[in-house]
Amino acid sequence: MPILAAVIAEIAQTARHEMAELLPVALVFGTLAYVTKRKAIIASLRRARGESVTNIVLMLVNALIFVPLIAVPVFAGLLLLPRAAVLTGFWDAMPGTVSVIGAVVLVEFAAYWRHRFEHSPALWRIHATHHADEAMTWLSVRRKHPLGEALALVMDNVPAILLGVPFWAIAVSVIIRGWWGYFIHADVPWTLGVLGKVLISPAAHRLHHIRDETLMGTNYGNMLTVWDKAFGTYCDPAPHLNCETGIAEGTRDAWGELLRPFEPRYWRKADAPPAGELAG
């Protein structure tokens with residue numbers, strides 16, 4: 001019983017910590033929603049209520065199960081990856097701002113390819129959870145299956161680590177990309193004008209969540225457009241503002257999303273993922 005009580009206490013503390021970290025994000029994007037929607041905000045909240053609850057539950061599941069059981073040992077392994085002295089020395093000689101920019105660009109490169117692979121038949125069954133929101137909000141960024149969270153942790157940071165980028169710069173890039181992730185999932189039709197040529201905008205990312213299997217295979221970047229443009233998957237979102245989002249398989253509650261990868265439909269050979277297999 002003392003062990004069980006300790007486990008319950010740890011779970012409760014982790015949940016409180018996760019919700020506390022979410023509070024400033026909620027204040028920022030809640031304010032953004034009010035400013036942009038005004039009287040329409042009540043209807044918008046009602047429409048997104050069920051999926052928002054699902055997203056928060058998945059966020060807590062990932063924090064309570066994913067972090068202690070997967071993230072800690074995986075990150076410990078990443079820290080042991082070989083790092084050439086000449087590379088770490090190169091970054092140590094660079095200004096801090098350059099190191100952070102380098103970290104963002106390299107992490108974005110790895111995340112771009114990880115994201116494209118998630119649209120392949122082998123990984124779509126895991127990634128489909130993230131695309132299931134039909135009422136997208138800033139909370140949609142937290143709609144991830146634990147296996148998807150693990151995959152992102154393993155793949156996204158490896159190139160930056162191997163190339164000797166300082167760990168502190170990688171950590172800063174994670175924070176920057178995390179906040180940008182909330183922003184691009186927000187329900188605002190912003191293309192960001194000239195900045196949208198360089199940065200993934202909310203409109204560009206909403207296009208990636210469109211309920212259209214072809215257009216869903218575009219705009220894989222989280223923050224930068226450079227890799228989408230380099231590899232032919234960038235699509236101008238201007239003609240598709242406020243597009244409908246979601247997937248043919250439909251949305252689920254939290255329990256349904258946790259079980260989604262194991263549904264028979266995803267294991268039938270004939271089934272294909274949206275956007276084609278890495279077709280872009």
Could you tell me which non-hydrogen atom of Lys229 sits nearest to which non-hydrogen atom of Lys197, and how far apart they are?
-> NZ-O, 2.6 Å

Could you pull out the closest heavy-atom pair between Pro189 and Asn242, with the gap in Å?
-> CB-OD1, 3.6 Å

Shortest non-hydrogen contact between Met155 and Pro159, atoms and distance | O-CD, 3.7 Å

Any Leu139 side-chain heavy atom under 4.5 Å of Leu22 side chain | yes

Does the gap between the ring centers of His119 and His208 come in under 6.0 Å?
-> yes

Before giving the answer on salt bridge (charged side-chain N to carboxylate O under 4.0 Å, His left out), spell out for Glu257 and Arg260 the whole-Å C-alpha distance, their side-chain angles and the decisive distance to 0.1 Å.
-> CA-CA 5 Å; Glu257 292 297 351; Arg260 183 191 287 274; 2.7 Å; yes

Which atom pair, heavy atoms only, marks the closest approach of Thr191 to Ala203?
-> CG2-CB, 3.9 Å

For Asn219 and Cys235, indicate whether the former's side chain and the latter's backbone hold a donor-acceptor pair under 3.5 Å.
-> yes

Any Lys/Arg nitrogen of Lys144 or Glu118 sitting under 4.0 Å from an Asp/Glu carboxylate oxygen of the other?
-> no

Backbone N or O of Gly164 within a donor-acceptor pair of the Arg83 side chain at under 3.5 Å?
-> yes

Polar side chain donor-acceptor pair, Asp187 to Thr137, under 3.5 angstrom | no

Determine whether Asp228 and Thr218 make a side-chain contact, defined as any pair of heavy atoms from C-beta on separated by less than 4.5 Å.
-> no

With a 4.5 Å limit on heavy-atom distance, are the side chains of Met19 and Leu23 in contact?
-> no

Under 6.0 Å between the ring centres of Tyr112 and Phe231?
-> yes

Under 4.5 Å between any side-chain heavy atoms of Thr245 and Ile210, yes or no?
-> no

Side-chain heavy atoms of Trp179 within contact of Val28, under 4.5 Å | yes

Using side-chain contact (heavy atoms from CB on, under 4.5 Å) as the criterion, point out the one residue from Met136, His185, His205 that pairs with Val141.
-> His185

Heavy-atom side-chain contact between Leu192 and Phe183 under 4.5 Å = yes

Would you say Trp190 and Thr36 make side-chain contact, with heavy atoms under 4.5 Å?
-> yes

Using 30° and 60° as the class limits, which term best fits the ring planes of Tyr182 and Phe29: parallel, tilted or perpendicular?
-> tilted

Test side chain to side chain contact (heavy atoms under 4.5 Å, CB included) applied to Arg206 and His240, step by step | CA-CA 9 Å; Arg206 186 182 183 93; His240 308 282; over 6 Å; no

Would you call Arg177 and Glu108 a side-chain contact if the rule is heavy atoms closer than 4.5 Å?
-> yes

Mind checking whether Val35 and Val188 sit in one hydrophobic cluster, side chains of I, L, V, M, F, W, Y counted as touching below 4.5 Å?
-> no

Parallel, tilted or perpendicular: which fits the ring planes of Trp227 and Phe109, with parallel below 30° and perpendicular above 60°?
-> perpendicular

Classify the angle between the aromatic ring planes of Phe117 and Trp113 as parallel (below 30°), tilted (30 to 60°) or perpendicular (above 60°).
-> tilted

Output yes when a side-chain donor or acceptor of Ser120 lies under 3.5 Å from a complementary backbone atom of Arg116, and no otherwise.
-> no

Atom CH2 of Trp168 with >12 non-hydrogen neighbours under 6.0 angstrom | yes

Backbone of His131 reached by a side-chain donor or acceptor of Arg143 within 3.5 Å = no

Which pair of heavy atoms, one from Gly250 and one from Glu134, lies closest together, and at what distance?
-> CA-OE2, 4.3 Å

Within the side chain of Trp138, is there an N or O that forms a donor-acceptor pair under 3.5 Å with the backbone of Val25?
-> no

Under 3.5 Å, is there a donor-acceptor pair between the side chain of Ser173 and the main chain of Ile170?
-> yes

Ile247 backbone acceptor or donor facing Arg211 side chain under 3.5 Å = yes

Any idea which heavy atoms bring Leu258 and Pro146 closest together, and the distance?
-> CD2-CD, 3.6 Å

